[in-house]
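Keep in mind that this is a model prediction, so the values were computed, not measured. By convention in this document, chain letters (A, B, ...) are assigned in the order of the sequence lines, proteins followed by strands, and residues within each chain are numbered from 1.
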Number of protein chains: 2
Amino acid sequence: MDNSCCPLPDSASDLRPIEGAEADEELASLAKALSHPARVQIVRLLARRVSCVCGEIVDQLPLAQSTVSQHLKVLKDCGLIRGEIDGPRICYCLEPRTLRRLRALIGGL
Amino acid sequence: MDNSCCPLPDSASDLRPIEGAEADEELASLAKALSHPARVQIVRLLARRVSCVCGEIVDQLPLAQSTVSQHLKVLKDCGLIRGEIDGPRICYCLEPRTLRRLRALIGGL
DNA sequence: GCTCCTTATCGCCATTTAACGATAGGACTG
DNA sequence: CAGTCCTATCGTTAAATGGCGATAAGGAGC
């Protein structure tokens with residue numbers, strides 16, 4: 001397994017507010033991305049670095065390849081994961097900053 | 001404003017695991033409850049104790065009373081809030097244990 | 001260039017969600 | 001007990017979601 005595409009977490013702090021209308025929208029958007037068990041499982045896989053490549057994620061889930069690809073798109077669109085082209089494959093990895101942001105927003109409740 | 005219906009947070013720890021298939025379902029379910037800005041705003045209102053009574057919540061949101069009532073039902077069904085009858089009104093309040101559980105699940109990612 | 005492998009996108013269908021007005025029901029007040 | 005206030009539920013509609021197979025697109029390697 002090659003994790004070269006997955007960056008180590010950085011520790012820059014996020015200065016955006018954790019409450020207000022914009023924060024509500026942001027939290028709702030991130031929560032929606034995690035509102036499906038398959039997407040939670042994908043995030044967990046990537047957090048554990050068990051898998052990075054799309055094909056392996058498909059193998060771990062009881063879903064069709066096209067369905068998994070859609071879930072990956074949802075997670076990517078909200079910034080929770082990132083995909084980088086790695087030869088013929090695509091290597092997905094967590095975006096630690098977004099996950100930290102989510103924790104901050106939840107913590108602010 | 002009367003907050004007598006809203007209990008103070010207790011600190012009992014939750015022994016359920018924070019990963020695995022069941023935890024995935026649980027996290028997805030809680031995330032879905034927060035996947036709408038109006039519901040995030042309701043949780044925030046209750047966290048700030050700005051309002052406890054359904055009618056006041058309706059006043060704070062640009063939505064019809066029936067719509068707000070449905071959002072409250074979603075939050076209640078997943079255990080994030082609780083409603084108690086207070087004379088002719090209904091007093092809603094956060095369920096701190098569920099919120100802590102959500103934080104634990106998010107933290108476990 | 002052709003072919004294979006990998007992933008994204010398209011089209012379709014069934015189900016769920018969100019919104020509202022209207023209505024029902026429960027609890028005080030007079 | 002009649003009226004009033006507050007909240008939940010019903011019925012409807014439009015839009016979003018989740019699933020799949022089929023197909024397109026883009027590199028790798030022969």
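- Dense packing is recorded around CZ of Arg44(B), with more than 12 heavy atoms of other residues, nucleotides or ligands lying under 6.0 Å away.
- Atom CD1 in Ile42(A) sits roughly 13 Å away from atom P in dT7(C) (whole-Å rounding).
- dA25(D) atom C1' lies 17 Å from atom CZ of Arg89(A), rounded to whole Å.
- Residues Ile85(A) and Pro62(A) each lie close to DNA chain D; by heavy-atom proximity, the contact nearer the 5' end of the strand is made by Pro62(A).
- Of all the residues in residues 63-78 of chain A, Leu63(A), Ala64(A), Ser66(A), Thr67(A), Gln70(A), His71(A) reach under 4.0 Å from DNA chain D with at least one non-hydrogen atom.
- In this structure, Ile18(B) and Gly108(B) approach most closely via the heavy-atom pair CD1-CA, 3.7 Å.
- If you measure from atom CD1 of Ile90(B) to atom P of dG26(C), you get 12 Å, rounded to the nearest angstrom.
- Spacing between atom OH of Tyr92(B) and atom C1' of dT7(D) amounts to 7 Å, rounded to whole angstrom units.
- Using a 4.0 Å cut-off on heavy atoms, none of the residues of residues 30-41 of chain B approach DNA chain D.
- At a threshold of 4.5 Å between non-hydrogen side-chain atoms, the residues Glu26(A) and Arg16(A) count as touching.
- Summarising the local packing, CD of Glu84(B) is surrounded by more than 12 heavy atoms from other residues, nucleotides or ligands at distances under 6.0 Å.
- Around atom CZ of Arg101(B), more than 12 heavy atoms belonging to other residues, nucleotides or ligands sit under 6.0 Å away.
- Looking at heavy atoms from C-beta onward, His71(A) lies in side-chain contact with Leu63(A) at the 4.5 angstrom threshold.
- If you measure from atom CD of Glu84(B) to atom C1' of dT7(D), you get 16 Å, rounded to the nearest angstrom.
- Residues Glu95(A) and Leu99(A) form no side-chain contact, since every pair of their non-hydrogen atoms from C-beta on lies 4.5 Å or further apart.
- Between Lys32(A) and Ser35(A), the closest heavy-atom pair is O-OG, 2.7 Å.
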